[in-house]
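By convention in this document, chain letters (A, B, ...) are assigned in the order of the sequence lines, proteins followed by strands, and residues within each chain are numbered from 1. Just so you know, these numbers come straight off a predicted model, no measurement behind them.
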Protein chains: 2
Amino acid sequence: MRNNITLKELAKLLNVSVSTVSKALNDSPEISQKTIERVKELAALHKYRPNPVAVNLKSSKSGTIGVIIPNISNSFFAKVLSGIEAKAQQEGLQVITYISNESLPREKEIAELLTSGIVDGVLVAISEETQRKKEYDHLINLVEYNIPLVLYDRTNLDIPVDKIGVDDEKSLEEATALLLSKGVKKIGLATSIHHLGLGKLRIAGYKKALRNEDDFLIANSSRIEVLREKTEKLLLEDKVDALVCTDFESTMLSYRIAHENSIKIPQDLKIIGFLGKELATHLSPSISYIEQFPEKIGSKGMELLVKRIKGYTETGQTTEKIIQTELVHLESTVF
Amino acid sequence: MRNNITLKELAKLLNVSVSTVSKALNDSPEISQKTIERVKELAALHKYRPNPVAVNLKSSKSGTIGVIIPNISNSFFAKVLSGIEAKAQQEGLQVITYISNESLPREKEIAELLTSGIVDGVLVAISEETQRKKEYDHLINLVEYNIPLVLYDRTNLDIPVDKIGVDDEKSLEEATALLLSKGVKKIGLATSIHHLGLGKLRIAGYKKALRNEDDFLIANSSRIEVLREKTEKLLLEDKVDALVCTDFESTMLSYRIAHENSIKIPQDLKIIGFLGKELATHLSPSISYIEQFPEKIGSKGMELLVKRIKGYTETGQTTEKIIQTELVHLESTVF
DNA sequence: CTGAAAGCGCTTACAG
DNA sequence: CTGAAAGCGCTTACAG
């Protein structure tokens with residue numbers, strides 16, 4: 001049953017004033033070396049730690065940043081959080097996590113909460129619903145409250161804040177182009193996220209690489225059974241030689257359908273998908289995937305935010321960073 | 001460029017004292033209905049929100065709880081966090097996330113940080129290194145600082161705090177027993193976590209079900225290549241009819257080895273593994289798995305913590321809860 | 001029913 | 001070099 005000692009108590013023990021103790025602990029040049037030493041010694045002895053809440057009240061800084069995550073069970077976001085956390089630790093900042101569960105109302109609630117000054121800055125990946133309904137007032141509101149804001153991953157919305165994203169279009173364009181360069185003729189695309197901004201960009205990349213509209217072979221549905229039918233058609237009727245998949249669901253489904261129909265990967269079918277490294281490498285055969293470096297997105301996003309908080313960035317000027325993706329070749333694209 | 005209005009400013013605008021405003025907003029019976037209405041109206045107009053930092057300083061509560069997570073990329077922990085978050089939201093609490101990366105030094109740092117009273121309570125799953133070295137002083141220290149502490153998931157250590165865990169031994173015992181009851185003869189076990197408390201318990205469950213030592217067929221190694229060799233031996237030489245796997249790594253590896261050697265699942269080999277639902281159902285064939293209900297662990301853990309914080313639990317008395325696991329049958333155990 | 005005062009634990013401009 | 005005082009934004013026992 002221990003209690004944290006306060007400045008006041010320390011001062012009493014030392015027979016000096018609270019101000020002197022405070023200054024000594026902060027290495028103020030106003031205080032003599034001797035006093036500084038005396039104070040620090042006793043402070044260490046009693047394991048004094050400044051009450052962060054009181055410090056925050058004085059400085060009107062909370063020393064914490066808020067992170068809004070659409071879905072933490074998505075390993076992409078879990079890794080982004082990991083990157084954010086690591087950087088925060090370096091900076092001596094705390095991370096408060098908010099999970100929006102892809103819900104706009106929840107996101108609004110969170111944003112509302114954050115206007116009370118509970119955090120010094122916010123990192124947001126907007127929810128699916130927010131993307132669909134294009135309602136950004138709650139985010140703009142944060143900016144008006146002078147709360148530094150950085151958008152990560154889901155950045156294709158037009159509000160003037162710092163952004164850190166992935167070049168989603170380019171990622172699938174390059175993947176598709178690579179298959180073409182290897183002489184693959186029929187390349188299909190499977191997607192369960194065509195209705196999201198993210199999915200649209202990835203599909204656009206695929207189309208850009210193929211150029212000719214007649215070559216587009218797309219299976220799209222957010223309903224798994226429909227997507228299954230469409231993908232089966234691609235594999236069995238159109239007999240595609242390769243499939244690029246825009247997300248976990250479509251990647252795993254394609255893999256499953258191939259297996260069920262004894263279509264051999266990579267001999268009969270190449271696959272490139274979006275999966276985390278652990279999963280992609282552990283599948284059999286392993287699946288070539290597009291690495292997005294989520295930890296890097298987290299840490300770079302945090303960097304942008306810290307600059308903003310410290311006022312290094314000019315107001316009225318925003319930065320947009322793109323983390324380049326990388327196609328990782330595994331067994332599913334062996335030629 | 002908006003700024004949060006303070007009680008003082010509100011008081012000036014209303015020509016009443018700060019105390020009156022404060023009491024009115026808190027529906028104090030000391031204040032007349034008329035004044036309460038006037039105050040609330042203006043507060044709403046100016047979107048007044050109490051500065052949480054100041055409130056915390058008065059109440060010496062931070063309104064936040066800390067969660068120490070060994071590894072957020074592990075989807076089990078991500079889901080636990082999700083459960084914690086959901087419950088925290090109900091309780092109006094903030095969640096500060098700390099990732100220990102399975103490191104004891106980092107865990108100590110975090111614990112040290114938390115003694116400053118930055119949080120009202122802590123949920124901890126200890127790191128692997130902490131488990132191995134059995135160093136718990138930093139946790140005991142938290143208790144001595146009167147910071148309510150709840151251990152989740154990794155709970156087999158002897159310190160007197162509330163715990164919320166999984167019955168790891170029973171989970172594999174039941175899984176193994178089920179296979180036996182279906183007439184499966186040779187049941188092997190693959191594990192990459194035999195050196196961890198968790199792994200030991202799961203292995204103990206397997207042994208308990210089999211009873212006879214001569215029947216134990218175990219492939220264990222934390223080095224993937226060694227585990228591969230041992231598991232191959234189990235499959236190709238010992239010709240086991242079923243494999244129970246204690247973790248992601250061993251489950252995926254077994255699956256992969258079976259595939260490489262054209263061993264048909266479930267015809268030639270049944271598999272029961274530890275995987276998240278999404279992955280287990282999306283594999284082809286899908287893998288029967290042991291559901292641990294991580295969200296429930298999170299929310300129940302949070303419940304224990306909240307009770308402790310509110311002082312509903314008697315000091316000196318600790319609760320230990322176990323969340324029952326459930327074997328989910330998918331294609332890999334079709335008979 | 002309303003307000004002045006003290007105080008939560010700290011920092012800092014100012015005086016001595 | 002040290003200390004008294006004011007103040008960060010709030011709450012609450014006490015007086016009127």
Side-chain angles (χ1 to χ4, degrees), chain A residues 2-40 42-43 46-64 92 113 115-120 145-146, chain B residues 2-40 42-43 46-64 92 113 115-120 145-146:
Chain A
R2 214 183 286 179
N3 247 317
N4 275 317
I5 195 167
T6 66
L7 274 195
K8 208 182 183 177
E9 291 160 339
L10 231 36
K12 185 175 278 178
L13 289 172
L14 287 160
N15 267 318
V16 294
S17 73
V18 171
S19 354
T20 301
V21 178
S22 170
K23 287 175 193 165
L25 290 172
N26 291 307
D27 283 313
S28 160
E30 289 183 28
I31 306 293
S32 72
Q33 267 311 312
K34 220 178 89 190
T35 311
I36 292 188
E37 277 164 30
R38 269 183 68 214
V39 171
K40 287 197 170 175
L42 195 76
H46 288 276
K47 299 199 179 180
Y48 169 76
R49 349 204 79 238
N51 178 331
V53 175
V55 176
N56 293 343
L57 184 58
K58 278 302 293 183
S59 63
S60 37
K61 291 270 169 211
S62 66
T64 66
L113 195 71
T115 59
S116 71
I118 216 169
V119 295
D120 296 341
Y145 269 100
N146 283 325
Chain B
R2 214 183 285 179
N3 248 317
N4 273 318
I5 194 166
T6 66
L7 274 194
K8 207 182 184 178
E9 290 160 339
L10 231 35
K12 184 175 279 176
L13 289 172
L14 287 160
N15 266 319
V16 295
S17 73
V18 172
S19 355
T20 303
V21 178
S22 171
K23 288 175 193 162
L25 290 172
N26 291 309
D27 283 314
S28 160
E30 289 183 28
I31 306 293
S32 72
Q33 266 311 310
K34 220 179 88 190
T35 309
I36 292 189
E37 277 164 31
R38 269 184 68 215
V39 171
K40 286 199 171 173
L42 195 74
H46 289 274
K47 299 200 176 178
Y48 169 77
R49 350 204 79 237
N51 178 331
V53 175
V55 176
N56 293 343
L57 184 59
K58 279 303 293 183
S59 63
S60 39
K61 291 267 170 214
S62 67
T64 65
L113 194 71
T115 59
S116 72
I118 216 167
V119 295
D120 296 341
Y145 269 100
N146 283 324

Base, sugar-phosphate, or nothing: which does [X] touch, judged by heavy atoms less than 4.0 Å apart?
X	answer
B/Ser28	nothing
B/Ser60	nothing
B/Ser32	sugar-phosphate
A/Thr6	sugar-phosphate
A/Asn56	nothing

Given 3.5 Å as the limit, does a donor-acceptor pair link the side chain of B/Glu9 with the main chain of B/Thr6, or not?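 Side chain of B/Glu9 to backbone of B/Thr6: a pair is present.
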
Backbone N/O of A/Thr115 and side chain of B/Arg49: donor-acceptor pair under 3.5 Å: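 The answer is no, because no donor-acceptor pair under 3.5 Å joins these two groups.
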
Measure the OG-CG distance between B/Ser60 and B/Leu57 for me, rounded to the nearest 0.5 Å.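 B/Ser60 atom OG to B/Leu57 atom CG measures 8.0 Å (nearest 0.5 Å).
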
Identify the two heavy atoms, one from A/Ser22 and one from A/Leu7, that lie closest to each other, and give their separation to 0.1 Å.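 Residues A/Ser22 and A/Leu7, closest heavy atoms: CB-CD1, 3.7 Å.
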
Of all the heavy-atom pairs spanning B/Ser62 and B/Asp120, show the shortest one and how long it is.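 In this case the closest contact between B/Ser62 and B/Asp120 is N-OD1, 2.8 Å.
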
Base-pairing mate for C/dT2 - Watson-Crick or G-U, with both contacts under 3.5 Å: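 The base-pairing partner of C/dT2, which may sit in any strand shown, is D/dA15.
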
Among A/Leu25, A/Val21, A/Thr20, find the one that has a side-chain contact (heavy atoms from CB on, under 4.5 Å) with A/Ile31.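 Exactly one option meets the side-chain contact (heavy atoms from CB on, under 4.5 Å) with A/Ile31, and it is A/Thr20.
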
Would you say the side chain of [Y] lies within less than 4.5 Å of the side chain of [X], judging by non-hydrogen atoms?
X	Y	answer
B/Leu13	B/His46	yes
B/Glu30	B/Thr35	no
B/Asn51	B/Asn4	no

Whichever of B/Lys58 and B/Ile31 has its nearest DNA chain C nucleotide further upstream toward 5':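 It is B/Ile31 whose nearest nucleotide is closer to the 5' end.
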
Going 5' to 3' along DNA chain C, between which two nucleotides do contacts with chain B fall, using a heavy-atom cut-off of 4.0 Å?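 In short, chain B contacts DNA chain C from C/dC1 to C/dG9.
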
If we take the P atom in both C/dG9 and D/dT2, what is their distance in whole Å?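 These two P atoms come out 25 Å apart once rounded.
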
Let's see if you get this right: which residues in residues 7-16 of chain B place a heavy atom under 4.0 Å from DNA chain C?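 Under 4.0 Å from DNA chain C: B/Val16.
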
